[in-house]
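Each remark here refers to the structure printed beneath this line.
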Amino acid sequence: MDRITPSSPERGITLFDTAEVYGPFTNEELAGGALASYRGKVAVTTKFGHRIENGKNTGMQNSRPENIRKVAEQSLKRLRLETIELFYQHRFDSNVPIEEVAGTVKELIQEGKVRHFGLCEVGPTTIRRAHAVQPLTAVQSEYHLMWRDPERDILPVLEELGIGFVPYSPLNRGFLGGTLNEYTNFNNGNDNRNTLPRFQREAIRANMAFVEVLTELGRTRGMASTQVALTWLLAKKPWIVPIPGTTKLAHLEENLRAADMALTSEELLELERSLSKVTIIGDRYPAEQQKTSWTLKTYDQSKKLITAMIRNT
């Protein structure tokens, strides 16, 4: 959730996603204030698991039970809530068994402080282990037309266990909107895209061919490229709930309209066939961050797995 407008709930937005680490803390405070008058009408999800010291994110994890409880209490105060609708572990902590994490959240659910449990950016083995202790409501990971790895190992497990999937960055951090180019400046203090391989000039220039496929299909159907991308995602499974973030009201409206649009199965297949011919340049994350991605199978084998608008379900 990047921005809440006063009319967001009236537009059908009833679930907002935040985390203690966003800021840190300021996003939860903003959400708590903006949504206070809608208590009982909207649900707010938040996350725990980062090690924050002196108000700064250290880049390390902390999912020890005492920290999970501390985060829950502080998040409830900032969000002005009595119960957190969905409490995610933001990143896997290799120092704390996932069963211990799930057990702590289970206790918070029994105490009425949390309603549902979720995980972010984890692999199938971790999902199964956590779900056996406390049933998971949702798993949140990156998923979009330019990053389809979850289809291989994650979506089948979620479907088997009856767990929902919440794709973040469903528009690849705005890239699928077609408004970025190789000269776009990502150097403000709240934008990490300048550190990502796919957002380097050469990669952006090459990857525009991917967006052109979406634009071409949408042009004949009255759809923006963003709407094509979101429509594709919503058509994958009924239990997939994407959360495209935006800071612009016009983009929010555009994203919302995608929920009322549809492509035929033939059009979806043709879209995928056309995109399969485009070579994507650049990795999802820099090398060091790639090492902590659940998509590296060795992490599952070694048990070292690791991180507004949401559609009504």
Side-chain angles (χ1 to χ4, degrees), residues 1-50 52 55 57 63 67-91 101-102 104-121 130 134-142 163-170 190 239-247 249 251-252 255-256 259 307-313:
M1 177 199 64
D2 294 299
R3 187 176 186 183
I4 302 173
T5 65
S7 56
S8 289
E10 282 80 4
R11 285 174 163 84
I13 303 172
T14 59
L15 185 55
F16 294 84
D17 182 270
T18 185
E20 63 154 359
V21 77
Y22 300 159
F25 312 131
T26 52
N27 198 263
E28 283 189 330
E29 292 169 352
L30 289 170
L35 297 171
S37 60
Y38 296 100
R39 184 174 298 178
K41 299 179 181 179
V42 300
V44 183
T45 73
T46 192
K47 310 177 190 74
F48 65 87
H50 287 284
I52 298 173
N57 179 18
S63 282
N67 190 59
I68 296 174
R69 286 187 163 278
K70 176 184 175 183
V71 173
E73 295 291 349
Q74 294 179 343
S75 292
L76 284 168
K77 291 178 182 178
R78 286 190 289 265
L79 293 169
R80 308 183 192 185
L81 296 173
E82 295 179 358
T83 304
I84 297 169
E85 187 67 28
L86 176 55
F87 204 30
Y88 291 98
Q89 183 191 40
H90 210 162
R91 287 294 184 276
V101 174
T104 303
V105 177
K106 182 174 185 175
E107 292 172 357
L108 290 170
I109 291 173
Q110 293 169 342
E111 295 166 15
K113 296 176 181 178
V114 171
R115 192 162 284 122
H116 301 289
F117 177 36
L119 297 175
C120 298
E121 289 283 2
Q134 170 57 46
L136 288 160
T137 294
V139 168
Q140 184 174 142
S141 292
E142 185 173 350
I163 301 169
F165 187 57
V166 180
Y168 71 83
S169 294
N190 193 36
W239 38 268
I240 290 179
V241 184
I243 47 173
T246 182
T247 59
L249 182 59
H251 291 169
L252 173 64
N255 292 340
L256 283 169
T307 192
M309 185 273 291
I310 193 164
R311 186 191 181 196
N312 269 339
T313 52

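FYI, the numbering just counts along the sequence from 1.
Scored by the side chain to side chain contact (heavy atoms under 4.5 Å, CB included) test, Arg115 finds Thr83, Glu85 as partners (sequence neighbours excluded). For Lys106, the side chain to side chain contact (heavy atoms under 4.5 Å, CB included) partners are Gln110, Gln134, not counting sequence neighbours. Applying the side-chain hydrogen bond (donor to acceptor under 3.5 Å, both in side chains) test to His251 and every residue at least two apart in sequence or in another chain returns nothing. With sequence neighbours excluded, the residues that form a side-chain hydrogen bond (donor to acceptor under 3.5 Å, both in side chains) with Arg69 are Glu107, Glu111. Looking at residues two or more places apart in sequence or on another chain, you find a side-chain hydrogen bond (donor to acceptor under 3.5 Å, both in side chains) between Glu28 and Thr46, Ser75, Arg78.
Listed by first and then second residue, the salt bridge (charged side-chain N to carboxylate O under 4.0 Å, His left out) pairs that reach into residues 30-50 are Asp17-Lys47, sequence neighbours excluded.
Scanning both residues, Tyr168 and Glu142, for their nearest heavy atoms gives CE2-N, 3.1 Å. Across all non-hydrogen atoms, the minimal contact from Ile240 to Pro167 is CG2-CG, 3.6 Å. Here the closest non-hydrogen pair linking Gly55 and Pro24 is O-CD, 3.2 Å. In terms of heavy atoms, Ala102 sits closest to Ala130 at CB-O, 3.8 Å.
Separating the CZ atom in Phe25 from the CG atom in Asn57 is a distance of 9.5 Å, to the nearest 0.5 Å. The distance from atom NE2 of His90 to atom CG of Leu119, rounded to the nearest 0.5 Å, is 12.0 Å.
No side-chain heavy atom of Ile163 sits less than 4.5 Å from a side-chain heavy atom of Thr137.
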side-chain contact (heavy atoms from CB on, under 4.5 Å) between Gln140 and Ile243, worked out: CA-CA 10 Å; Gln140 184 174 142; Ile243 47 173; 3.7 Å; yes
Verdict with supporting geometry, Ile84 and Thr45, side-chain contact (heavy atoms from CB on, under 4.5 Å): CA-CA 6 Å; Ile84 297 169; Thr45 73; 5.9 Å; no
Derivation and outcome, side-chain contact (heavy atoms from CB on, under 4.5 Å), residues Phe87 and Ile68: CA-CA 10 Å; Phe87 204 30; Ile68 296 174; 4.0 Å; yes
Stepwise side-chain contact (heavy atoms from CB on, under 4.5 Å) test for Glu20 and Ile52: CA-CA 9 Å; Glu20 63 154 359; Ile52 298 173; 3.7 Å; yes
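Between Tyr88 and Phe48, the distance from one ring center to the other does not fall under 6.0 angstrom.
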